[in-house]
Amino acid sequence: MKLSIAAKFNLVFVSIFAVGFLAAGVVADRLLKESAREETLQNARLLLEAAKSVRGYTASQIQPLLKNQMKFEFHPQSVPSYSAVENLNVILKSYPDFSYKEATLNPTNLRDKASDWEVDVVQTLRNKPDMKEFVGERDTATGRSLYIARPLQIKDPVCLGCHTTAADAPKTMVDIYGPNNGFGWKLNEVVGAQVISVPMAVPLARADSIFKTFMASLFGVFVAVFIALNVMVHLFVTRRIKVLATVADDVSMGKFEADEFDVKGNDEISGLGRSFNRMRTSLNSALKMLEE
């Protein structure tokens with residue numbers, strides 16, 4: 001198959017672009033998805049820090065205020081985990097796909113009881129005491145969701161006053177939640193996990209939109225460069241070579257009266273044209289000498 005210089009050039013150029021286009025697509029897709037995941041993680045960590053702040057505020061300022069009243073009436077608002085969940089639930093009303101839970105294996109309030117997948121997360125944290133954070137992904141009804149879990153560990157002996165046995169716990173608390181749940185906890189034991197779930201649909205959709213825009217822009221740049229290079233190849237290479245070939249054909253058939261090749265410029269083709277013109281002049285002179 002006979003191919004012109006322009007066709008060979010275009011074949012090489014398109015092949016190189018195709019490889020580069022695919023490579024750029026793979027890299028861009030991976031980087032954008034990693035960025036979307038990191039964005040989701042940052043949102044989740046921000047919510048966890050908010051929950052941590054509420055827990056600390058409740059423990060340091062609310063509990064002391066309600067300490068005496070707790071003897072007569074149990075106020076769940078004095079429990080750090082209760083306050084954290086309630087506050088986060090208010091925030092998350094504006095983000096229904098987000099969720100926060102203090103998933104506990106044996107909770108006092110059964111709303112905090114760990115579900116099947118949360119039990120696995122808590123057990124992972126219990127089996128790895130040095131793990132401060134566990135990150136995972138799961139499918140939900142609204143799509144792929146990313147979650148972060150941090151261990152709920154009993155570090156303050158004061159907490160055991162409500163969770164050792166029902167007999168030792170405040171009677172007002174037992175009257176509300178019963179004597180069967182939330183007892184038997186031990187110091188330094190991981191009893192549950194703070195679990196925040198954040199949907200990945202929005203950041204992934206944004207990443208996909210950016211990816212499509214990037215690839216379309218890259219393709220547009222290729223088309224523009226492709227057209228520009230073809231125009232340049234035609235003007236500075238193939239067109240001049242065709243003229244030189246036409247003049248050479250004329251000379252080969254003894255038509256020395258044909259116009260000389262235009263040798264404007266200092267590039268290789270101009271140099272070739274000058275050499276050809278000198279050869280043409282020398283050949284013409286040689287033939288005239290023979291004729292004499």
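By convention here, the first residue in the shown sequence is residue 1. Atoms considered below: every heavy atom in the structure, side chains included; atoms not considered: hydrogens, waters and symmetry mates.
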Could you list the residues that satisfy salt bridge (charged side-chain N to carboxylate O under 4.0 Å, His left out) with [X], not counting sequence neighbours?
X      : value
Glu73  : none
Lys52  : none
Arg55  : Glu102
Arg138 : none

Is it true that Arg144 and Asp139 make a salt bridge, defined as a side-chain N closer than 4.0 Å to a carboxylate O? yes
Within residues 6-18 or reaching into it, pairs that qualify as side-chain hydrogen bond (donor to acceptor under 3.5 Å, both in side chains) - sequence neighbours excluded: Asn10-Asn230
Applying side-chain hydrogen bond (donor to acceptor under 3.5 Å, both in side chains), which residue pairs with at least one partner in residues 200-216 are found, sequence neighbours left out? Glu39-Arg206, Asp208-Lys212
Does any part of the side chain of [Y], heavy atoms only, come nearer than 4.5 Å to the side chain of [X], both counted from C-beta?
X      : Y      : result
Val198 : Arg45  : no
Gln194 : Lys101 : no
Thr104 : Lys113 : no

Got a sec, which pairs hit ring-ring contact (aromatic ring centres under 6.0 Å, His included) with one end in residues 89-138, sequence neighbours left out? Tyr95-Phe98, Trp117-Tyr147
Partners of Val90 by side-chain contact (heavy atoms from CB on, under 4.5 Å), sequence neighbours excluded? none
Residue set satisfying side-chain contact (heavy atoms from CB on, under 4.5 Å) with Arg111, at least two apart, ordered chain then number -> Tyr82, Val85, Glu86, Asn109
Flag if over 12 foreign heavy atoms under 6.0 Å of CZ, Phe13: yes
I need the [X] [atom1] to [Y] [atom2] distance, nearest 0.5 Å.
X      : Y      : atom1 : atom2 : value
Leu41  : Leu46  : CG    : CG    : 12.5 Å
Thr108 : Leu110 : OG1   : CG    : 9.0 Å
Ser60  : Leu65  : OG    : CG    : 9.5 Å
Ser99  : Leu92  : OG    : CG    : 7.5 Å
Leu152 : Ser81  : CG    : OG    : 8.0 Å
Phe211 : Asp29  : CZ    : CG    : 5.0 Å

Between Leu88 and Leu47, is the side chain to side chain contact (heavy atoms under 4.5 Å, CB included) condition met? List the steps. CA-CA 8 Å; Leu88 263 294; Leu47 291 173; 4.0 Å; yes
What pair of heavy atoms forms the shortest contact from [X] to [Y], and how long is it?
X      : Y      : answer
Ala44  : Ile148 : CB-CD1, 3.6 Å
Leu125 : Ala193 : CD1-CB, 3.6 Å
Met131 : Pro151 : O-CG, 3.8 Å
Asp168 : Thr165 : OD2-OG1, 3.0 Å
Ala59  : Pro80  : CB-CG, 4.0 Å

Where does the angle between the aromatic ring planes of Phe222 and Phe226 fall among parallel (under 30°), tilted (30 to 60°) and perpendicular (over 60°)? tilted
Same cluster or not: are [X] and [Y] linked, directly or through other Ile, Leu, Val, Met, Phe, Trp or Tyr residues, by side-chain heavy atoms under 4.5 angstrom apart?
X      : Y      : result
Val122 : Val119 : yes
Leu31  : Leu218 : no
Val223 : Val12  : no

Solution key, residues 16-28 side-chain donor-acceptor pairs under 3.5 Å, sequence neighbours excluded:
none

Counting N and O atoms only, with roles assigned by atom type, does the side chain of Glu118 sit under 3.5 Å from a partner on the main chain of Ser115, one being a donor and the other an acceptor? yes
In Leu204, Thr40, Asp97, the residue satisfying side chain to side chain contact (heavy atoms under 4.5 Å, CB included) with Pro199 is Asp97
Listed pairs under 3.5 Å, donor-acceptor, residues 183-191 side chains, sequence neighbours left out:
unit_1, atom_1, unit_2, atom_2, d
Trp185, NE1, Asn106, O, 3.2
Glu189, OE1, Lys186, N, 2.9
Glu189, OE2, Arg126, NH1, 3.2

All N/O donor-acceptor pairs, side-chain side in residues 172-181, below 3.5 Å, sequence neighbours left out:
unit_1, atom_1, unit_2, atom_2, d
Thr172, OG1, Met70, O, 2.9
Asp175, OD2, Lys171, NZ, 3.1

Salt bridge (Lys or Arg N to Asp or Glu O under 4.0 Å) between Arg150 and Glu49, worked out: CA-CA 11 Å; Arg150 292 179 179 175; Glu49 290 302 316; 2.9 Å; yes
